[in-house]
Amino acid sequence: MIEFENTAYSYGGGELLSDISLKLSPGSFHFLTGPSGAGKTTFLKLCYGALHPTAGHVRLFDQDVRGMNRDDLAMMRRRVGVVHQDCQFLNHLPVADNVALPLTVSGRDNLDQVSNLKELMNWVGLGNRASAFPPELSGGERQRAALARAVIMSPDVVLADEPTGNVDWEMSQRLLQLLIELNKMGKTIMIATHDMNLIRTAKSKVQARVLRISNRRLQLAGADL
């Protein structure tokens, strides 16, 4: 799905990530850990082509990102759903319209997709909030809406950047369960988090690998959970 080969990324004259090699296999589940500022968000951006490596290679679905034009990259990104840490929404649109925005932009907002949208909103527990506007949502509701928007195009890979960072423990477990369910559907999942309790909770629910960014390098933090 996504492959790093001796990848490095430099920013502001300094190297943030160095000599990273990794393959994300179809249907795999990974946690990405590391202290604040270690480069977790940068790593995720490299995963979906928002950033290009300054050394080495990143391949998305067997294509090197450096060789992709804008249209190629746009097509690849439809296969990768991203749950952003800051959860940006268009405040003048209802939640359902925000979730459906990727469908609208891609021209796939037909009747079948509208039916799928309703099912997805119910799946993330927001069926009764579809007409609400983003400022009216709680932190947990915003995170669930962000997850729904990330998966509305049925991507092959889901990357979640601190998806439980602004919610309570009960909501954290609910969001984790939604991502586990996606993995059971065959999706490749990577969750960037500093919450070790969340990772421990996943132990009995999913087979996952824990990766840690330390001193600019990516390390295997442990065996299968």
Side-chain angles (χ1 to χ4, degrees), residues 1 26-31 44 47-48 75 77-193 195 197-199 201-208:
M1 291 290 187
S28 60
F29 198 118
H30 290 79
F31 286 100
L44 292 182
C47 283
Y48 62 92
M75 288 295 292
R77 286 182 182 170
R78 290 179 186 179
R79 300 180 65 183
V80 181
V82 184
V83 185
H84 295 283
Q85 193 173 152
D86 52 4
C87 297
Q88 294 293 328
F89 296 106
L90 298 177
N91 287 340
H92 66 285
L93 292 179
V95 174
D97 288 354
N98 270 282
V99 170
L101 205 55
L103 293 175
T104 305
V105 170
S106 66
R108 291 172 53 182
D109 51 344
N110 54 42
L111 289 177
D112 288 342
Q113 295 295 349
V114 170
S115 176
N116 291 339
L117 172 63
K118 185 176 181 179
E119 183 178 343
L120 178 60
M121 294 291 287
N122 288 329
W123 184 72
V124 298
L126 290 175
N128 63 342
R129 301 290 278 158
S131 299
F133 289 87
E136 301 169 15
L137 300 184
S138 67
E141 287 171 336
R142 289 179 69 88
Q143 292 292 65
R144 281 182 279 156
L147 176 57
R149 186 172 63 184
V151 303
I152 188 69
M153 299 281 286
S154 191
D156 298 308
V157 180
V158 179
L159 308 172
D161 191 2
E162 300 281 3
T164 63
N166 299 314
V167 298
D168 60 27
W169 178 240
E170 183 178 349
M171 184 55 63
S172 294
Q173 293 184 85
R174 181 166 183 172
L175 289 168
L176 174 63
Q177 189 59 45
L178 292 175
L179 288 162
I180 289 173
E181 290 301 321
L182 286 168
N183 181 245
K184 290 178 179 178
M185 297 175 191
K187 311 299 185 184
T188 300
I189 308 292
M190 176 173 282
I191 304 173
T193 182
D195 188 345
N197 286 330
L198 187 73
I199 297 175
T201 298
K203 184 174 182 179
S204 63
K205 299 180 179 180
V206 65
Q207 186 178 48

N/O donor-acceptor pairs under 3.5 Å from side chains in residues 170-181, not counting sequence neighbours:
residue: Ser172; atom: OG; partner: Asp168; partner atom: O; Å: 3.0
residue: Gln177; atom: NE2; partner: Glu181; partner atom: OE2; Å: 3.0

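- Residues Asn98 and Pro134 come closest through the heavy atom pair ND2-CG, 3.6 Å.
- Two residues are said to be in side-chain contact when any heavy atoms from C-beta on lie closer than 4.5 Å; Arg78 and Pro155 fail this criterion.
- Side-chain atoms of Leu101 and Leu90, non-hydrogen and from C-beta on, do get closer than 4.5 Å to each other.
- The shortest distance between side-chain heavy atoms of Leu44 and Met190 falls below 4.5 Å.
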Which donor-acceptor pairs under 3.5 Å do the side chains of residues 120-133 make with protein atoms, sequence neighbours left out?
residue: Asn122; atom: ND2; partner: Lys118; partner atom: O; Å: 3.3
residue: Arg129; atom: NE; partner: Glu141; partner atom: OE2; Å: 3.3
residue: Arg129; atom: NH2; partner: Glu136; partner atom: O; Å: 2.9

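- Here Ile199 contributes atom CD1 and Ile191 contributes atom CD1; the two are 8.5 Å apart, rounded to the nearest 0.5 Å.
- The minimum heavy-atom distance between Gly27 and Asn183, with the atom names listed, is O-ND2, 3.1 Å.
- Here the straight-line distance linking atom CD of Gln143 with atom OG1 of Thr164 works out to 8.0 Å at 0.5 Å rounding.
- No donor-acceptor distance shorter than 3.5 angstrom exists from the side chain of Asp161 to the backbone of Val83, with no hydrogens or angles considered.
- Of the possible donor and acceptor atoms, none in the side chain of Ser28 sits under 3.5 Å from a partner among the backbone N and O of Thr188.
- Here the closest heavy-atom approach between residue Val99 and residue Ala145 is recorded as CG2-O, 3.8 Å.
- Between Leu147 and Leu182 the shortest side-chain heavy-atom distance falls below 4.5 Å.
- Asp156 is linked by a salt bridge (Lys or Arg N to Asp or Glu O under 4.0 Å) to Arg79, counting only residues two or more places apart in sequence or in another chain.
- Contact between Leu159 and Val157 at its shortest, heavy atoms only, is CD2-CG1, 3.8 Å.
- Side-chain atoms of Phe89 and Arg142, non-hydrogen and from C-beta on, do get closer than 4.5 Å to each other.
- Contact annotation: the side chain of Cys47 never approaches that of Val80 to less than 4.5 Å [non-hydrogen atoms, C-beta and beyond].
- A heavy-atom distance below 4.5 Å is found between the side chains of Lys187 and Ser154.
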Decide yes or no on side chain to side chain contact (heavy atoms under 4.5 Å, CB included) for Phe29 and Val158, but give the supporting numbers first.
-> CA-CA 10 Å; Phe29 198 118; Val158 179; over 6 Å; no
